[in-house]
Amino acid sequence: MKLDVIKLDGGTAGSVDLGDDVFGLEPRADILHRVVRWQRNKAQAGTHKVKTRSEVSYSTKKIYRQKGTGGARHGSRKAPIFRKGGIYKGPTPRSHGHDLPKKVRALGLKLALSAKLKDGSLVVIDTANSNGKTSELARQVKDLGWKRALVIDGAEVNQDFARAAANIDGLDVLPSIGANVYDILKKDTLVLTKAGVEALEARLK
């Protein structure tokens with residue numbers, strides 16, 4: 001499938017051939033959901049923690065005598081039923097990550113790329129180069145109509161372009177190795193450089 005290539009200044013730069021095995025698949029919501037869930041769970045810190053009755057600070061003295069009070073028998077204010085007592089079966093630090101087969105992860109990335117192409121929100125540019133000036137890049141992005149865009153370059157991102165893009169709200173830049181389903185789907189426009197297209201196709205073959 002051929003797609004026109006543009007420059008950052010809006011000019012044309014020929015066309016590029018996109019492989020159907022990477023960009024021409026029919027999107028599947030179930031696979032995309034599995035991959036995004038795997039990504040978000042893996043990124044979750046899992047550092048939530050409460051104190052159990054063995055960890056709260058309180059006297060170990062028996063709070064009142066065993067018999068003769070007419071009330072229940074208690075030995076410690078640390079018990080979960082008391083205010084400021086320990087928490088019973090509360091959250092403890094753990095990993096929320098789970099396994100997902102490599103083939104499913106690769107398929108999810110292909111489906112995300114295919115979904116962007118099908119929606120008409122995939123743009124291919126010649127190169128992602130800049131002089132490092134945020135104002136100039138911001139004007140080019142505005143003229144191109146990109147409001148929430150993700151730019152994926154080749155193996156390495158041009159440092160001047162990354163520096164210029166850092167202060168532009170809604171514009172993110174990643175190398176091809178960092179391309180992932182969640183970042184692609186949450187942006188309105190996916191921008192690939194020619195080098196990015198080649199790197200992604202080589203990665204997903």
Side-chain angles (χ1 to χ4, degrees), residues 1 3-9 13-25 27 31-32 34-44 97 100-119 121-142 144-205:
M1 183 182 300
L3 193 68
D4 292 335
V5 179
I6 63 171
K7 298 179 181 178
L8 283 173
D9 59 8
S15 62
V16 65
D17 195 13
L18 301 178
D20 290 338
D21 55 340
V22 176
F23 294 91
L25 304 179
I31 297 294
L32 293 174
R34 285 181 66 186
V35 178
V36 170
R37 181 172 169 270
W38 168 77
Q39 273 189 250
R40 302 313 297 155
N41 284 0
K42 189 177 179 183
Q44 192 169 342
L100 191 67
K102 287 183 180 179
K103 289 185 178 180
V104 177
R105 286 182 255 163
L107 179 58
L109 187 52
K110 291 179 183 179
L111 292 172
L113 295 170
S114 298
K116 286 297 182 184
L117 180 60
K118 188 175 182 180
D119 292 345
S121 52
L122 175 63
V123 178
V124 179
I125 61 175
D126 187 21
T127 56
N129 292 328
S130 172
N131 58 6
K133 297 290 185 181
T134 298
S135 57
E136 182 177 335
L137 182 59
R139 178 181 54 78
Q140 292 174 330
V141 168
K142 184 178 180 181
L144 290 168
W146 301 344
K147 292 184 178 179
R148 297 177 68 250
L150 171 65
V151 179
I152 298 179
D153 206 343
E156 293 183 359
V157 176
N158 181 277
Q159 293 302 310
D160 290 334
F161 184 86
R163 185 164 59 251
N167 289 326
I168 300 178
D169 186 35
L171 184 65
D172 291 335
V173 184
L174 288 174
S176 60
I177 195 66
N180 64 87
V181 174
Y182 179 70
D183 284 334
I184 290 173
L185 293 181
K186 76 176 182 179
K187 294 294 185 180
D188 296 332
T189 305
L190 175 61
V191 182
L192 302 178
T193 64
K194 276 186 174 181
V197 171
E198 293 174 1
L200 285 172
E201 288 186 340
R203 171 182 168 185
L204 297 171
K205 286 295 185 183

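With respect to Val5, the side-chain contact (heavy atoms from CB on, under 4.5 Å) criterion is satisfied by exactly one of Asp126, Val123, Leu192: Asp126.
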Could you go step by step and tell me if Ile125 and Thr193 meet the side-chain contact (heavy atoms from CB on, under 4.5 Å) rule?
CA-CA 5 Å; Ile125 61 175; Thr193 64; 3.9 Å; yes
Trace of the side-chain contact (heavy atoms from CB on, under 4.5 Å) decision for Leu25 with Leu107
CA-CA 9 Å; Leu25 304 179; Leu107 179 58; 4.0 Å; yes
Checking side-chain contact (heavy atoms from CB on, under 4.5 Å) for the pair Leu100/Lys42: CA distance, chi angles, key distance, verdict?
CA-CA 11 Å; Leu100 191 67; Lys42 189 177 179 183; over 6 Å; no
If you apply the rule side-chain contact (heavy atoms from CB on, under 4.5 Å), what do you find for Val197 with Leu3, and how did you get there?
CA-CA 11 Å; Val197 171; Leu3 193 68; over 6 Å; no
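Listed by first and then second residue, the salt bridge (charged side-chain N to carboxylate O under 4.0 Å, His left out) pairs that reach into residues 174-185 are Asp183-Lys186, sequence neighbours excluded. Residue pairs meeting the side-chain hydrogen bond (donor to acceptor under 3.5 Å, both in side chains) criterion with at least one member in residues 194-205, sequence neighbours excluded, are Asp21-Lys205.
Side-chain contact between Leu111 and Val35 is absent, with no heavy atoms from C-beta onward closer than 4.5 Å. For the pair Leu113 and Leu122, the minimum side-chain heavy-atom distance is 4.5 Å or more. Two residues are said to be in side-chain contact when any heavy atoms from C-beta on lie closer than 4.5 Å; Trp38 and Arg105 meet this criterion.
Here Asp20 pairs with nothing under the side chain to side chain donor-acceptor pair (under 3.5 Å) rule; sequence neighbours left out. Arg139 meets the salt bridge (Lys or Arg N to Asp or Glu O under 4.0 Å) test with Asp143; sequence neighbours excluded. Take Leu144 and apply the side chain to side chain contact (heavy atoms under 4.5 Å, CB included) test, not counting sequence neighbours, and it matches Ile6, Leu8, Trp146. Residues passing the side chain to side chain donor-acceptor pair (under 3.5 Å) test with Lys118, sequence neighbours excluded: Glu26. Residues passing the side chain to side chain contact (heavy atoms under 4.5 Å, CB included) test with Ile177, sequence neighbours excluded: Pro175. Listed by chain and number, the residues in a side chain to side chain donor-acceptor pair (under 3.5 Å) with Arg148 are Asp188 (sequence neighbours excluded). Taking the side chain to side chain contact (heavy atoms under 4.5 Å, CB included) definition, one finds that Glu156 meets it with nothing, sequence neighbours left out. Checked against side chain to side chain contact (heavy atoms under 4.5 Å, CB included), Asn131 has the following partners two or more places apart in sequence or in another chain: Lys133, Glu136. Under the side chain to side chain donor-acceptor pair (under 3.5 Å) criterion, Thr189 pairs with no residue, sequence neighbours left out.
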Which pairs of donor and acceptor atoms, one on a side chain in residues 160-173, lie under 3.5 Å apart (sequence neighbours left out)?
residue, atom, partner, partner atom, Å
Asp160, OD1, Arg163, NH2, 2.5
Asp172, OD2, Lys187, NZ, 3.1

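Summarising the geometry of Ala112 relative to Leu32, their closest heavy-atom pair is N-CD2, 3.8 Å, with the distance given to 0.1 Å. Considering every non-hydrogen atom in both Val124 and Val16, the closest pair reads CG1-CG1, 3.9 Å. Nearest heavy-atom pair across Tyr182 and Gln39 is N-OE1, 3.1 Å. Minimum interatomic distance between Ser114 and Gly24 (heavy atoms only, all atoms of both residues): OG-N, 3.5 Å. Heavy atoms only, all atoms of each residue included: Ala179 and Ile152 are closest at CB-CD1, 3.7 Å.
Asn180 places a side-chain N or O within donor-acceptor distance of the main-chain N or O of Gly178, the cut-off being under 3.5 Å. Remark: the backbone N or O of Lys116 is paired with a side-chain donor or acceptor of Ser121 at under 3.5 angstrom.
Annotation: the span from Leu150 atom CG to Leu185 atom CG amounts to 10.5 Å, rounded to 0.5 Å. Here Leu109 contributes atom CG and Ile184 contributes atom CD1; the two are 5.0 Å apart, rounded to the nearest 0.5 Å.
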